[in-house]
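Quick notes on the structure that follows.
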Protein chains: 2
Amino acid sequence: MIRKSPQTMTSRSPRSSARPQLSEKATAHIRGLIMSGELRPGTLVRPETIGEDLGISTTPAREALQALRVEGFLELVPRRGFVVAPLTGQDIRDLFQVQALIGGELAARAAANAGEQDVAELEALHHELIAAAARNDHDRLEEKNHAFHREINLMAGSRKIIWMLGLVTRYVPRQFYSSIPGWPQATVTDHEELLEGIRTGDPEKTRAAMVAHIIHSGELLAANFDERLAAPLPATDAEPAQERSGPAALDAASA
Amino acid sequence: MIRKSPQTMTSRSPRSSARPQLSEKATAHIRGLIMSGELRPGTLVRPETIGEDLGISTTPAREALQALRVEGFLELVPRRGFVVAPLTGQDIRDLFQVQALIGGELAARAAANAGEQDVAELEALHHELIAAAARNDHDRLEEKNHAFHREINLMAGSRKIIWMLGLVTRYVPRQFYSSIPGWPQATVTDHEELLEGIRTGDPEKTRAAMVAHIIHSGELLAANFDERLAAPLPATDAEPAQERSGPAALDAASA
DNA sequence: CAAGCGTATACCGGATACGAAATACGTACA
DNA sequence: TGTACGTATTTCGTATCCGGTATACGCTTG
């Protein structure tokens with residue numbers, strides 16, 4: 001059971017034309033606006049407006065809005081349009097809790113599946129991460145951290161669980177981490193614990209390590225989020241803040 | 001630049017004209033086709049085709065395809081179109097694992113938050129479920145089961161976690177359960193264990209009960225899924241099932 | 001002056017039509 | 001037989017139009 005997860009993910013067929021859809025560009029753009037706080041909850045987002053912003057037509061813009069609605073960033077008010085969904089620091093904490101649960105599951109499976117070669121690859125990445133941390137190279141640090149987690153997730157060998165994790169981590173701007181003081185050191189020690197669990201093939205120990213790692217990171221980000229919410233808004237006009245009663249059409253899925 | 005919404009909306013509730021979008025209809029339709037096995041993995045799904053099927057134009061059809069891509073039912077091959085994503089019985093099991101983790105978290109929080117009134121309401125629903133089971137009333141059974149779980153999820157008080165659960169349960173056709181022999185009885189006993197945990201305010205006991213409940217249900221459904229995969233395809237229309245090899249563009253999100 | 005009502009406007013949801021680019025497929029040629 | 005080319009099909013994006021509805025504004029009335 002060394003290498004290659006059960007899924008047949010034929011990696012990288014060159015396919016040349018790496019042309020991302022315009023709708024994906026628009027999706028990332030609006031998502032960034034929401035996560036950065038430029039678009040606040042309750043704001044109405046119009047297709048033509050964002051089309052003008054990016055110099056595209058309304059068709060891909062509407063597709064982007066639809067995608068963001070599925071992701072939970074926007075809500076659709078039937079004859080009004082798309083409004084930015086509420087997003088609080090507590091929401092961020094909750095999402096990190098979910099991320100921890102899913103990431104923990106993946107880590108546990110990775111530990112169960114890990115072969116010698118996997119461990120070696122992870123350790124190589126880990127050492128590169130340490131080197132980047134020592135040089136204070138934020139970009140490379142972020143890159144290696146991403147690669148480290150990605151490798152673990154792939155080792156778990158479950159397409160759909162990785163997919164769900166991706167839906168959660170859309171709420172987590174990666175570039176944020178590197179700006180947290182003390183984060184590199186904490187990450188190094190956390191990753192060493194993860195490595196220990198994987199090396200010894202101990203799923204539950206690895207799961208616990210991953211959960212702690214994610215929750216810890218999440219608390220830092222959520223605190224920053226709260227701080228930003230407390231900050232005054234750009235102050236265009238004397239806006240009555242319109243804390244409108246959110247329609248919040250929860251469907252509360254069942255089992 | 002993006003305009004702010006007209007903040008004149010004077011706090012009047014939108015009355016919810018209850019008009020479902022055409023794109024949502026299309027989304028549900030295609031999702032049903034995929035889950036029922038009529039659309040097999042690798043099949044190319046064209047906007048015009050589904051537009052003709054439902055008597056709608058390509059505009060809402062394309063929005064539906066975009067939504068299904070976010071949900072993971074479809075993959076987008078850049079200049080080719082949308083193809084049905086691979087979906088195996090193991091995928092279903094994995095998704096139930098995720099559902100168990102998230103549902104367990106919600107149940108644990110519900111137990112922590114539960115007040116007397118909440119418990120009373122849950123017990124009322126539970127008794128109605130028992131009554132429906134005794135009458136062999138499948139529709140009402142399904143309805144009460146849904147309401148029971150919904151109530152627990154709402155008690156947890158986390159918008160975003162419920163949202164994530166909804167993304168997972170899109171892969172679980174609710175109407176399936178009631179057709180499983182012996183499921184009503186198993187559900188009643190499982191729910192009683194859940195109630196016990198909530199009544200005593202024991203989060204971890206409740207979490208464990210919910211995890212067991214979901215995993216148990218999932219195994220039944222996944223077995224059915226495997227069975228169907230082994231079966232030959234309906235062979236109704238010509239439709240030569242364009243078995244293009246799915247590229248499976250995993251992005252493997254990180255933390 | 002305040003409250004109710006009717007009209008005007010804005011905009012969503014959807015339908016088409018059209019064009020450019022790229023891929024797939026069939027055919028002709030060496 | 002293998003390769004190159006040309007055509008057909010399709011995706012992706014743009015532009016435009018229309019019906020229906022919710023909101024905003026202004027007028028009338030008590």
Side-chain angles (χ1 to χ4, degrees), chain A residues 13-27 29-30 42-69 74-84 239-240 242 244-245 247 249, chain B residues 2-29 42-69 74-84 239-247 249:
Chain A
S13 71
R15 184 64 43 100
S16 63
S17 70
R19 179 138 63 124
Q21 311 279 105
L22 249 49
S23 59
E24 284 198 68
K25 252 188 164 48
T27 304
H29 178 242
I30 307 174
T43 308
L44 198 61
V45 184
R46 270 184 246 281
E48 306 98 20
T49 311
I50 81 156
E52 290 172 13
D53 274 8
L54 282 79
I56 63 176
S57 181
T58 64
T59 303
R62 268 179 64 171
E63 287 178 329
L65 263 38
Q66 204 73 28
L68 288 166
R69 184 184 65 86
L74 299 178
E75 289 173 2
L76 177 56
V77 187
R79 270 275 160 187
R80 292 286 315 276
F82 292 88
V83 299
V84 178
E239 316 247 345
Q242 60 155 118
R244 97 284 176 238
S245 59
Chain B
I2 296 188
R3 292 204 311 254
K4 298 294 287 296
S5 76
Q7 46 284 102
T8 38
M9 54 161 90
T10 45
S11 75
R12 193 50 242 156
S13 117
R15 184 90 46 70
S16 81
S17 52
R19 178 124 69 109
Q21 310 278 106
L22 248 51
S23 59
E24 284 196 68
K25 254 187 161 51
T27 305
H29 179 242
T43 309
L44 200 62
V45 184
R46 270 184 246 281
E48 296 101 14
T49 310
I50 81 154
E52 290 172 13
D53 277 7
L54 283 79
I56 64 176
S57 179
T58 63
T59 304
R62 266 177 65 170
E63 290 179 7
L65 263 38
Q66 204 72 29
L68 288 166
R69 183 184 65 87
L74 299 176
E75 290 172 2
L76 176 56
V77 188
R79 269 272 160 188
R80 294 284 314 278
F82 291 88
V83 298
V84 178
E239 214 44 61
Q242 326 207 163
E243 282 295 338
R244 301 254 179 263
S245 62

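Just so it is clear: chains get the letters A, B, ... in the order the sequence lines come, proteins before strands, and each one is counted from 1. The model shown is predicted, which means the values in this text are computed figures rather than measured ones.
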Exercise. Among C/dA24, C/dG13, C/dA15, which is the nearest nucleotide to the side chain of B/Gln21?
Worked result: C/dG13
For this session: Grab the CD-P distance between A/Glu63 and C/dG14 for me, whole Å please.
Result: 14 Å
Seminar exercise, completed: The answer to which of B/Thr59 and B/Pro47 contacts DNA chain D further toward the 5' end, by nearest nucleotide, is B/Pro47
Seminar exercise, completed: Nearest heavy-atom approach of A/Val45 to A/Leu65 is O-CD2, 4.0 Å
Exercise. Taking only side-chain nitrogens and oxygens of B/Arg46, does any of them come within less than 4.0 Å of OP1 or OP2 of D/dT11?
Worked result: yes
Problem set entry | Listed nucleotide nearest any side-chain atom of B/Arg79, set D/dG19, D/dG13, C/dT23 | C/dT23
Exercise. Which part of the nucleic acid, if any, lies within reach of B/Leu65 when heavy atoms closer than 4.0 Å are counted: base, sugar-phosphate only, or nothing?
Worked result: nothing
Seminar exercise, completed: Smallest heavy-atom separation, A/Ser23 atom then A/Ala64 atom, equals O-CB, 3.5 Å
For this session: Let me know the distance between NZ of B/Lys25 and P of C/dG13, rounded to the nearest Å.
Result: 15 Å
Exercise. Hey, are the side chains of B/His29 and B/Ile50 touching, using non-hydrogen atoms and a 4.5 Å cut-off?
Worked result: no
Seminar exercise, completed: In terms of heavy-atom contacts, A/Ala26 and A/Leu54 come closest through CA-CD2, 3.9 Å
Exercise. Is B/Thr27 close to B/Leu68 at the side-chain level, that is, under 4.5 Å between some pair of heavy atoms?
Worked result: yes
Problem set entry | Worked verdict on B/Arg69 versus A/Glu63 for side chain to side chain contact (heavy atoms under 4.5 Å, CB included) | CA-CA 11 Å; B/Arg69 183 184 65 87; A/Glu63 287 178 329; over 6 Å; no
Exercise. Could you state the CD-P distance from B/Glu75 to D/dT11, rounded to the nearest angstrom?
Worked result: 17 Å
Seminar exercise, completed: Which of C/dG13, D/dC12, C/dA15 is nearest the side chain of A/Phe82? It is C/dG13
Problem set entry | Per A/Glu48 side chain, nearest of listed nucleotides C/dC12, D/dC12, D/dT14 | C/dC12
For this session: Run the numbers on B/Gln21 and A/Gln66 for side chain to side chain contact (heavy atoms under 4.5 Å, CB included), then give the verdict.
Result: CA-CA 11 Å; B/Gln21 310 278 106; A/Gln66 204 73 28; 5.7 Å; no
Problem set entry | B/Ile56 side chain, from C-beta outward: closest of C/dA15, C/dT23, D/dT23 | C/dA15
Exercise. What is the bend of the helix from C/dC1-D/dG30 to C/dA30-D/dT1 when you compare the axis at one end with the axis at the other, using five pairs each and rounding to 10°?
Worked result: 0°
